[in-house]
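Computed from a predicted structure; not experimentally measured.
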Amino acid sequence: MYQRFKDCLLKPRNIAEYIKEPKKKTVIYTTILLIVYIIPLILISLLSNTSVTKLSSSISNDLIEAEQINYEIKDGKLVSINNDNTPQVIKAKITLSDAYLVNTLYVFDITGENYLDSLNVDKGAYLVLLFKEDAFNITTIEVTDTLKNENNTPGITVDKKVNIDKENSNFSLLTLNYSDLDIKNINFSDNKANNSINFKNEIATMVSSIYEKIKIKLLPLIILFVIILGVSSYFFSVVFIALLFKLLYRYLQVDFGTTFKTVVLCSTPYVICSVLASVTGFALLDIVGQCFMIGYATKALTTYKIKYDGGVPLPRY
């Protein structure tokens, strides 16, 4: 396996020797490449606070852009600044990563239950960040459309009504008391102040406190998310390059399975460059790796055709 790795990394013409080997060996080699590709991503995600910084920035920006908020946390209690306990709901999309947005509701509700009766949102699944009197909750709800036709009259157009699907909703993903989070005072009503730096700092402190309390519970979820993201990213690149080769080098008359297998083997320098890009933060290395993958695949497929598949035919476009 070491010799295969060395050839795939440094000697693209030798890759032709491995194209004709059983698929089982290619699967094993691909698994090793994925492990090498994903492990640095997992370590960086666990050790870096970048995600927490992005999350706190996303939350603070959502709250700043919202209309006037009539609540504040004072002495560890959520209170209304105008003695009106009517729940407030702010609709937004939290940025969990550069390409992953989540429909989110910021809810200020003393009891934590009254907002459900007057909720007015489009159907779908929502992450709910719920501020109650003594505690902060992370919950989810499923909003569905129900049809209302009281007389059951045929041919009459029914009205749509928003309905909370409680059976498919989870109302207790996480509950943390403000005292446990060391949160005593946050004035959400200052969200429109000209100087929002202090407000952003307060939100950042709150998000960091919540993350410190739940990061152990989130560990499996973070690892699973990174694995899914890493595997998807890797195979997207491989499949894209394989399809590109089928389009541009169709005169080679190589089936897609062989092309895909070749690109997987030729992805070795891409994996190494991606790891270096993750560690150093130099994103250009990822593009360099993809260029290597294209060049290696060209040499490997051409060599394979010459040695084992009847030679390279003349291009026909």
Applying the 4.5 Å side-chain criterion to the ILVMFWY set and letting contacts propagate, would [X] and [Y] be lumped into a single cluster?
X      : Y      : value
Ile73  : Val79  : no
Ile69  : Ile81  : no
Ile228 : Leu33  : no
Phe256 : Leu301 : yes
Leu34  : Val263 : yes

Cut-off 3.5 Å, no hydrogens considered: what does the side-chain donor-acceptor table look like for residues 8-17, sequence neighbours left out?
residue	atom	partner	partner atom	Å
Glu17	OE1	Tyr308	OH	2.7
Glu17	OE2	Lys307	NZ	3.2
Glu17	OE2	Tyr308	OH	3.0

List the atom pairs, donor and acceptor, that lie under 3.5 Å between side-chain atoms in residues 236-245 and the rest of the protein, sequence neighbours left out.
residue	atom	partner	partner atom	Å
Ser237	OG	Ser233	O	3.2
Ser237	OG	Tyr270	OH	3.2

Could you pull out all residues at least two apart from Phe136 that satisfy ring pair (Phe, Tyr, Trp, His ring centres under 6.0 Å)?
-> Phe131

To the nearest 0.5 Å, how far apart are [atom1] in [X] and [atom2] in [Y]?
X      : Y      : atom1 : atom2 : value
Ile203 : Ile59  : CD1   : CD1   : 7.5 Å
Ile19  : Thr259 : CD1   : OG1   : 9.0 Å
Cys273 : Ile287 : SG    : CD1   : 11.0 Å
Lys91  : Leu105 : NZ    : CG    : 8.0 Å
Ile210 : Asp180 : CD1   : CG    : 11.5 Å
Ile227 : Phe225 : CD1   : CZ    : 12.0 Å

[X]: what forms a side chain to side chain donor-acceptor pair (under 3.5 Å) with it, not counting sequence neighbours?
X      : value
Tyr234 : Ser267
Tyr126 : none
Asn70  : none

What's the shortest heavy-atom distance between [X] and [Y], and which atoms?
X      : Y      : value
Val275 : Val36  : CG2-O, 3.4 Å
Tyr18  : Arg4   : OH-CA, 3.6 Å
Asn82  : Ser80  : OD1-OG, 2.7 Å
Ala277 : Ala283 : CB-CA, 4.4 Å
Gly112 : Leu130 : O-CD2, 3.8 Å

Around atom NZ of Lys20, are there more than 12 heavy atoms of other residues, nucleotides or ligands at under 6.0 Å?
-> yes

Student check: side-chain heavy atoms of Ile138 and Leu127 closer than 4.5 Å = yes

Can you check whether Thr26 reaches Phe260 side chain to side chain, under 4.5 Å on heavy atoms?
-> no

Are Asp75 and Asn185 close enough, and set up right, to give a side chain to side chain contact (heavy atoms under 4.5 Å, CB included), and what steps lead you there?
-> CA-CA 6 Å; Asp75 297 327; Asn185 299 288; 4.0 Å; yes

Looking just at side-chain N and O atoms, do Ser179 and Asn177 make a donor-acceptor pair shorter than 3.5 Å?
-> no

Would you please test Ser278 and Leu41 for side chain to side chain contact (heavy atoms under 4.5 Å, CB included) and show each step?
-> CA-CA 7 Å; Ser278 299; Leu41 298 178; 3.4 Å; yes

Applying the side chain to side chain contact (heavy atoms under 4.5 Å, CB included) test to Phe282, which of Asp286, Leu285, Val279 qualifies?
-> Leu285

Among Phe108, Tyr106, Tyr71, ring pair (Phe, Tyr, Trp, His ring centres under 6.0 Å) partner for Phe188 = Phe108

Verify, without hydrogens or angle tests, whether Thr268 (side chain) and Leu265 (backbone) share a donor-acceptor contact under 3.5 angstrom.
-> yes

Report yes or no: does Lys261 contribute a side-chain atom to a donor-acceptor pair with the main-chain N or O of Glu21 at less than 3.5 Å?
-> yes

Test side chain to side chain contact (heavy atoms under 4.5 Å, CB included) applied to Ile186 and Tyr178, step by step | CA-CA 11 Å; Ile186 297 181; Tyr178 298 131; over 6 Å; no

Output yes when Asp109 and Lys132 qualify as a salt bridge under the 4.0 Å nitrogen-oxygen rule, no when they do not.
-> no

